[in-house]
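The structure under discussion appears below in the form of structure tokens.
None of the values given here were measured: they were computed from a predicted structure. When a residue number appears, it is its place in the shown sequence, counting from 1.
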Amino acid sequence: MAVPALTFRDEPRAADLARVREIVDATGFFSPQETAVAVELLDDRLAKGPASDYRFLLAEEDGRVAGYTAYGRIPFTRASWDLYWIAVDPATQGRGVGRALVAESERRMALAGPSRIYVETSSREQYAPTRGFYERCGYQIAATLEDFYAPGDGKVIFVKEVGAILSPGDATR
């Protein structure tokens with residue numbers, strides 16, 4: 001299936017709060033507490049603007065938000081970023097929206113210089129498609145922390161390098 005005609009914007013609007021909540025809820029993957037965190041990060045960005053630690057990329061199709069990413073530089077690192085959230089409206093999943101969002105987010109992070117991007121997700125079976133998605137996007141498993149979230153629910157950490165990475169001696173620790 002062809003990738004839909006998407007437009008991207010990185011400045012969220014107050015109206016996006018309800019849409020982000022709607023998308024995150026609709027995925028069926030996140031608890032009410034996790035949904036609240038997704039909205040809280042967006043609210044932080046709206047309140048602080050560019051001074052916020054969180055960056056957003058919203059993909060729109062026909063003027064409606066189809067999905068988004070939230071990402072940010074990892075404090076005290078020279079070249080590391082976290083991809084905190086990616087959520088795509090289930091009505092548009094499987095059409096390349098998520099892949100386009102990840103690729104454009106990576107491009108924007110790489111503009112800051114050579115980088116490593118980290119993504120974390122659950123090891124639960126429910127998240128197998130999510131882990132497969134990250135692998136198809138070129139991420140590799142860097143670590144698995146067993147029983148991190150709860151017994152039987154580990155944290156899987158993925159990493160991807162974008163651009164030339166600095167030598168270990170150049171990194172701020």
(message) With a 4.5 Å cut-off on side-chain heavy-atom distances among I, L, V, M, F, W and Y, is there a chain of contacts connecting V37 to Y118?
(response)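 Different clusters: V37 never reaches Y118 through Ile, Leu, Val, Met, Phe, Trp or Tyr contacts under 4.5 Å.
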(request) Indicate, with yes or no, if F133 and I117 share a hydrophobic cluster defined by side-chain heavy-atom contacts under 4.5 Å among Ile, Leu, Val, Met, Phe, Trp and Tyr. (result)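 Yes; tracing contacts between hydrophobic side chains, which count when under 4.5 Å, links both residues.
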What pair of heavy atoms forms the shortest contact from [X] to [Y], and how long is it?
{"X": "W81", "Y": "A112", "answer": "CZ2-CB, 3.7 Å"}
{"X": "S123", "Y": "G152", "answer": "OG-O, 4.2 Å"}
{"X": "A26", "Y": "P90", "answer": "O-CG, 3.4 Å"}
{"X": "A59", "Y": "V97", "answer": "CB-CG1, 4.4 Å"}
{"X": "Y84", "Y": "G72", "answer": "CE1-N, 3.4 Å"}

(message) What I want to find out is whether E146 reaches K155 closely enough, with some N-O distance under 4.0 Å, to be called a salt bridge.
(response)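 No, no charged N to carboxylate O under 4.0 Å.
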Quick check against the 3.5 Å criterion: does [X] have a side-chain atom that pairs as donor or acceptor with the backbone of [Y]?
{"X": "S80", "Y": "T77", "value": "no"}
{"X": "R99", "Y": "R136", "value": "yes"}
{"X": "Q93", "Y": "V88", "value": "yes"}

Quick check for you: to the nearest 0.5 Å, what is the distance between [X] atom [atom1] and [Y] atom [atom2]?
{"X": "Y68", "Y": "F56", "atom1": "OH", "atom2": "CZ", "result": "6.0 Å"}
{"X": "E11", "Y": "L57", "atom1": "CD", "atom2": "CG", "result": "11.0 Å"}
{"X": "L145", "Y": "D153", "atom1": "CG", "atom2": "CG", "result": "11.5 Å"}
{"X": "L58", "Y": "T7", "atom1": "CG", "atom2": "OG1", "result": "9.5 Å"}
{"X": "F148", "Y": "S122", "atom1": "CZ", "atom2": "OG", "result": "11.0 Å"}

(request) Might you work through the side-chain contact (heavy atoms from CB on, under 4.5 Å) test for R73 and R78, ending with a clear yes or no? (result) CA-CA 9 Å; R73 199 179 275 279; R78 183 169 177 187; over 6 Å; no
(request) Could you list the residues that satisfy side chain to side chain contact (heavy atoms under 4.5 Å, CB included) with A143, not counting sequence neighbours? (result)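 With neighbours one apart ignored, the set is I157.
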(request) Output all residues satisfying side chain to side chain contact (heavy atoms under 4.5 Å, CB included) with D44, sequence neighbours left out; order by chain, then residue number. (result)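 Per chain and number, D44 pairs via side chain to side chain contact (heavy atoms under 4.5 Å, CB included) with K48, S52, Y54.
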(request) Just jot down the ring-ring contact (aromatic ring centres under 6.0 Å, His included) partners of Y149, sequence neighbours excluded, or say none. (result)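 Expected list: none.
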(request) List in chain and number order the residues that pass side chain to side chain donor-acceptor pair (under 3.5 Å) with T121, two or more places apart in sequence or in another chain; answer none if no residue qualifies. (result)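 Residues passing side chain to side chain donor-acceptor pair (under 3.5 Å) with T121: none at all.
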(request) Would you list the pairs meeting side chain to side chain donor-acceptor pair (under 3.5 Å) in which at least one residue belongs to residues 23-40, sequence neighbours left out? (result)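 Passing the test, one end in residues 23-40: D25-T35, S31-Q33, S31-E34.
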(request) Return each pair, listed once, that meets side chain to side chain donor-acceptor pair (under 3.5 Å) where at least one residue sits in residues 125-135; pairs must be two or more places apart or across chains. (result)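 Found R124-Q126.
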(message) If the test is side-chain contact (heavy atoms from CB on, under 4.5 Å), which one of I74, V162, V159 qualifies with R116?
(response)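 Considering I74, V162, V159, a side-chain contact (heavy atoms from CB on, under 4.5 Å) with R116 is found only for V159.
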Show the atom names and distances, to 0.1 Å, of all donor-acceptor pairs under 3.5 Å that link a side chain in residues 102-111 to residues at least two apart or in another chain.
{"unit_1": "E104", "atom_1": "OE1", "unit_2": "R107", "atom_2": "NE", "d": "3.0"}
{"unit_1": "E104", "atom_1": "OE2", "unit_2": "R107", "atom_2": "NE", "d": "3.2"}
{"unit_1": "E104", "atom_1": "OE2", "unit_2": "R107", "atom_2": "NH2", "d": "2.7"}
{"unit_1": "E104", "atom_1": "OE2", "unit_2": "R108", "atom_2": "NE", "d": "2.8"}
{"unit_1": "E104", "atom_1": "OE2", "unit_2": "R108", "atom_2": "NH2", "d": "3.3"}
{"unit_1": "S105", "atom_1": "OG", "unit_2": "T69", "atom_2": "OG1", "d": "2.7"}
{"unit_1": "S105", "atom_1": "OG", "unit_2": "L101", "atom_2": "O", "d": "2.8"}
{"unit_1": "E106", "atom_1": "OE1", "unit_2": "K160", "atom_2": "NZ", "d": "3.1"}
{"unit_1": "E106", "atom_1": "OE2", "unit_2": "Y139", "atom_2": "OH", "d": "2.8"}
{"unit_1": "E106", "atom_1": "OE2", "unit_2": "K160", "atom_2": "NZ", "d": "3.2"}
{"unit_1": "R108", "atom_1": "NH1", "unit_2": "D10", "atom_2": "OD2", "d": "2.8"}

(message) Any heavy-atom pair between the side chains of Y71 and I86 that's under 4.5 Å?
(response)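 Side-chain contact under 4.5 Å: no.
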Would you give me the side-chain donor-acceptor pairs under 3.5 Å for residues 15-24, sequence neighbours excluded?
{"unit_1": "D16", "atom_1": "OD1", "unit_2": "R9", "atom_2": "NH2", "d": "2.8"}
{"unit_1": "D16", "atom_1": "OD2", "unit_2": "R9", "atom_2": "NH1", "d": "2.9"}
{"unit_1": "D16", "atom_1": "OD2", "unit_2": "R9", "atom_2": "NH2", "d": "3.1"}
{"unit_1": "D16", "atom_1": "OD2", "unit_2": "R13", "atom_2": "N", "d": "2.7"}
{"unit_1": "R19", "atom_1": "NE", "unit_2": "V65", "atom_2": "O", "d": "2.8"}
{"unit_1": "R19", "atom_1": "NH1", "unit_2": "E22", "atom_2": "OE2", "d": "2.8"}
{"unit_1": "R19", "atom_1": "NH2", "unit_2": "V65", "atom_2": "O", "d": "2.8"}
{"unit_1": "R19", "atom_1": "NH2", "unit_2": "D89", "atom_2": "OD2", "d": "2.6"}
{"unit_1": "E22", "atom_1": "OE2", "unit_2": "R64", "atom_2": "NH2", "d": "3.1"}

